[in-house]
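Beneath this line is the structure, given in structure tokens, with notes to follow.
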Amino acid sequence: KVAIQVARLQQQATGLRLAAVALQSDLAAREVDLRNRLIRLARREGASLRALASATGLSHQTVANLCATPPATDRARSA
């Protein structure tokens, strides 16, 4: 009986760890989405690609590519 209880507790702990990883992953995705939105907004308001790259730590090319593509919600609507 004790071995079964230990196995169940280990499974529960593993499940909790997986849930924590899933939540953290979701949070990271939301942060990236918000960062990308702010970059696009700043670009529309006149910020240079170089300034945005410097401020975000992203490469100039990454920022340029990001600004050249519509946000995911716009792409989903147009599809």
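Hydrogens, waters and symmetry mates play no part in the numbers below; they use all other heavy atoms, side chains included.
- Side-chain atoms of R37 and D33, non-hydrogen and from C-beta on, do get closer than 4.5 Å to each other.
- Remark: Q11 engages no residue in a side chain to side chain donor-acceptor pair (under 3.5 Å) (not counting sequence neighbours).
- Summarising the geometry, atom CG belonging to L49 is positioned 12.5 Å from atom OG belonging to S54; distances are rounded to the nearest 0.5 Å.
- Atom CG of N36 and atom CG of L66 lie 4.0 Å apart (nearest 0.5 Å).
- For the pair Q24/L27, a side-chain contact is recorded, criterion being any heavy-atom separation below 4.5 Å from C-beta on.
- R8 pairs by the salt bridge (charged side-chain N to carboxylate O under 4.0 Å, His left out) definition with nothing, not counting sequence neighbours.
- Judged as a side-chain contact (heavy atoms from CB on, under 4.5 Å), and not counting sequence neighbours, V21 has no contacts.
- Proximity of R35 to L58: side-chain heavy atoms (C-beta onward) are separated by under 4.5 Å at one or more points.
- Distance check, rounded to the nearest 0.5 Å: CG of L41 to CG of L52 gives 10.0 Å.
- Taking every heavy atom of both residues into account, A51 and S48 meet most closely at N-OG, 3.0 Å.
- In this view, T62 and S59 satisfy the side chain to side chain donor-acceptor pair (under 3.5 Å) rule, not counting sequence neighbours.
- Residues satisfying the side chain to side chain donor-acceptor pair (under 3.5 Å) criterion with R44, sequence neighbours excluded, are absent altogether.
- A distance-only check finds a donor-acceptor pair linking the side chain of R40 to the backbone of T69 [under 3.5 Å].
- Applying the side chain to side chain donor-acceptor pair (under 3.5 Å) rule to S25 yields no partners; only residues at least two apart in sequence or on another chain are considered.
- Taking every heavy atom of both residues into account, H60 and R50 meet most closely at CD2-N, 4.0 Å.
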